[in-house]
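A short worksheet on the structure shown next.
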Amino acid sequence: MSETDHRPVLVVDFGAQYAQLIARRVREANVYSEIVPHTISAEEVAARNPAGIVLSGGPSSVYEPGSPDLDPGILQLGVPVMGICYGFQVMAKQLGGEVAKTGRREYGATPMTVHGDGGALLDGQPEAQTTWMSHGDSVSKAPEGFAVLASTADTPVAAFASDERRLYGVQWHPEVKHSEFGQRVLENFLHRAAGIPGDWNSGNVIAEQVERIRAQVGSARVICGLSGGVDSAVAAAIVHEAVGDQLVCVFVDHGLLRADERRQVEEDYVAATGIRLVTVDARQQFMDALAGVTDPEQKRKIIGREFIRTFENAAEALVLEAQGEGEKVEFLVQGTLYPDVVESGGGTGTANIKSHHNVGGLPDDLQFQLVEPLRTLFKDEVRAIGRELGLPEPIVARQPFPGPGLGIRIIGEVTEHRLEILRHADAIAREELTAAGLDGEIWQCPVVLLADVRSVGVQGDGRTYGHPIVLRPVSSEDAMTADWTRLPYDVLARISNRITNEVAEVNRVVLDVTSKPPGTIEWE
Ligand SMILES: Nc1ncnc2c1ncn2[C@@H]1O[C@H](COP(=O)(O)OP(=O)(O)OP(=O)(O)O)[C@@H](O)[C@H]1O
Ligand SMILES: O=c1[nH]c(=O)c2[nH+]cn([C@@H]3O[C@H](COP(=O)(O)O)[C@@H](O)[C@H]3O)c2[nH]1
Ligand SMILES: NC(=O)CC[C@H](N)C(=O)O
Ligand SMILES: [Mg+2]
C-alpha cells in the first residue's frame, strides 16, 4: 500500500441488490470503499488493512443449510463492523443471538422507534423515524452484551450495538434514500463509531491512481483505447498525468459510430488535451467479423475481440514506427467503470446481464496488462474527477455511448445499409433533442432499428412496408437503474415526423416506456 492510499471500508457482498449502493454511500461520506465477496477469509480481510467493514443484505436465510456465511474470524479482528439486514442477521447468529422467521415480514417504508439516546450509531436522531425495510427473518434475541437500539411494531430488535467491541447492526437499509436518516446512520458508523476521517475525495483518486500507475507501468509504453466518451477521456488524462508521453491514445473507427463522430473525437479531444491520438480505420474488419451474426452476446464477444485485435495491431505499428527502439507495448488503458464490471457478471456473485465489450467481451488470449484506474467508480464520480483534472465540460458532460456502438442498436444482423439507416435516424433524434435544450436532462437516448421487423404504412397515397425506429430516452444516476424520460410530446412529434419523412426505409417511430429494471438501457 502506498503512502497516499486510503484504508478502505470493505463492503462484504451477500448477493445484495444494492451492495454497490452501499459502497457508493460510504464514498459519499468521503470514505473510500470497495466491495468484496462474502467468501473472503479473515486473513484476506486483515491483509487489506480495512478501516471498517459493512456487511450487506442478501436473499438467503441464515438458518438455511448452505446459506452464505462469513468467516467468523472477521468479527474477531477488532475492525469495526456494521451489518445491514442479512448482514445484521449473520452477526446475530455468529455472536450468540437468535434469528427466526417470526411470520412478521416488513417491506417498504416502516415507522421505527429509537431507544434512549441511540448510542453512537443513532445518536442525535429523532425518536420516531421512517426506515426502509425488506425482510422476512428477524433477530429474535440480541447477542449477549449488546444493547438494543431501536424497534418497530413487528421487529423488537431492529438494531443492536456493542460500542466496546465496535460491532453494530441494523435490520433496515440505510443505503436507500427512502430511509429517512439512512446516510446519517452510515456516517455515524464511519466517523463516530469507527473513527474514520472523511478525507477521501475525487482529488485523492487522482493522486492514488497516478502513483499506482507509475509503479505498474514504469518506463514502458502504454496505449489507451479512446472513444471520445467521458470514461476513456478521464482514464487517459490520469495516465497522461502519471507517465506523460509514454501514452498514445488509439481511437478505433469500427464503422459502428454515429454520424460525424470520428471527426468530432479527433478534433475535440486532441484540442483539449494535447495527448497523441492515432485513429485506426477498422471498418472492414468489424463488418466482416459481424457478418451473419444476430445474437446479442455473440455480437458483443466478437466486438470485444476485434477491439483487442485492433489494439494489438496499433501497438505493433507503434513499435515499428520507433524503428525497433521502443519495446513491445504491454499495457492497455481502458475507461472501465464499476457498472461495466457488475453487468458483465464480474461483480461478486452477480449475474451476467450482458458482456460489456471491455470486460466480459475480452478474448481469452488477451496479451495486454490492463490499466483501469476507474474500475471501482460510477460515472458521476468519474465526471467529478474529470472536472478536477480540468477537462472541458463538453467532454465531461457527454452522454454515454457504448463501445459496441450502433452494432447493438440494430436488432438483427448488422449490415452497411442498416447502419446508414440508423445513423440517419439517430442524427435527427440527437439534433432535435439538442435543439430543444434537453441534453442535460436525459442520461442518453439510444435510437434502435428493429431491422427484422416491418410494418405497413401509407405515404403519398402509397403503401409502405418499412422498419420501426425505437426511441429510448432514459434518466439515470449511474446506469444501474434508470427510468424512461418523459420527453415533451411536441419534441417527440418533431422527431417522429422528421425520421419518417427523411429516412425512406422507416415508416414508424415508437417510444420505449420501460424502466431499468426490468428493461436495460440498450436493447442488446
Ligand atoms: N471507438 C473506440 N476506440 C477505442 N476505444 C474504445 C472505443 N469505444 C470504447 N472504447 C474503450 O472501451 C471503454 C469502455 O467504453 P465506454 O463506452 O463504457 O466508455 P467511454 O466511451 O470512455 O465513456 P462513455 O460511457 O461516456 O461512452 C472506453 O473507456 C475505451 O477505453
Ligand atoms: O462501453 C460500453 N460497452 C458495452 O458493451 C456496453 N453495453 C452497455 N453500455 C452502456 O452501459 C450503460 C448501461 O447499459 P445497459 O442498461 O444496456 O446495460 C448504458 O449507458 C449503455 O450505453 C455499454 N458501454
Ligand atoms: N434484504 C435482506 O437482506 C433480507 C434478509 C433475509 N433474506 C430476510 O428476508 O430477512
Ligand atoms: Mg463510450
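The shown structure was predicted, so the numbers you read here are calculated from the model rather than taken from an experiment. Indexing begins at 1, ligand by ligand and atom by atom, following the structure's order.
Using a 4.0 angstrom heavy-atom cutoff, Lys379 counts as in contact with ligand 1. In this structure, Arg105 has no heavy atom closer than 4.0 Å to ligand 3.
Below 4.0 Å from some heavy atom of Gln334 lie the following atoms of ligand 1, by number and element: 31 (O). Proximity to Gly335 (heavy-atom distance under 4.0 Å) selects the following atoms of ligand 1: 28 (C), 29 (O), 31 (O). In summary, the atoms of ligand 1 found under 4.0 Å from a heavy atom of Gly403, numbered by their order in the structure, are 8 (N), 9 (C), 17 (O). Contact atoms of ligand 3 toward His173: 1 (N) (distance under 4.0 Å to a heavy atom of the residue). Taking a cut-off of under 4.0 Å to the non-hydrogen atoms of Ser227, the atoms of ligand 1 that pass are 2 (C), 6 (C), 7 (C), 8 (N), 9 (C), 10 (N), 20 (P), 21 (O), 22 (O). When each atom of ligand 3 is checked for a heavy atom of Ser134 under 4.0 Å away, the hits are 1 (N), 2 (C), 4 (C).
Residues His135 and Tyr86 keep their aromatic ring centres 6.0 Å or farther apart. For Tyr168 and Phe88, the ring centers sit 6.0 Å or farther from each other.
Checking Gly15, Gly57, Gly58, Gly87 against atom 4 (C) of ligand 3, the nearest heavy atom belongs to Gly58.
Annotation: Asp231 places an N or O atom under 3.5 Å from an N or O atom of ligand 1; distance criterion only. In terms of polar-atom proximity, defined here as any N/O pair under 3.5 Å, Gly136 does make such a contact with ligand 3. Considering both main-chain and side-chain atoms, His357 comes within under 3.5 Å of ligand 1 through a nitrogen or oxygen pair. Checked against a 3.5 angstrom limit, the closest N/O atoms of Asp137 and ligand 3 fall inside it. When only interatomic distances are considered, the shortest N/O to N/O separation between Pro402 and ligand 1 does not fall below 3.5 Å.
Nearest protein neighbour of atom 17 (O) of ligand 1, counting heavy atoms only, is Phe401 O, 2.9 Å. In terms of protein heavy-atom proximity, atom 30 (C) of ligand 1 is closest to Gly225 O, 3.0 Å. For atom 2 (C) of ligand 1, the closest non-hydrogen atom on the protein side is Phe307 CE2, 3.5 Å.
In this structure, Ser67 contributes its side chain and Val62 its backbone to a donor-acceptor pair below 3.5 Å.
Phe286 and Phe307 make their closest contact through CZ-N, 3.6 Å (heavy atoms, listed as atom of the first residue, atom of the second, distance).
Residue contacts with ligand 3, taken as heavy atom pairs separated by less than 4.0 Å, do not involve Ser138 at all. Counting heavy atoms under 4.0 Å from ligand 3, residue Ser60 touches it through the backbone alone.
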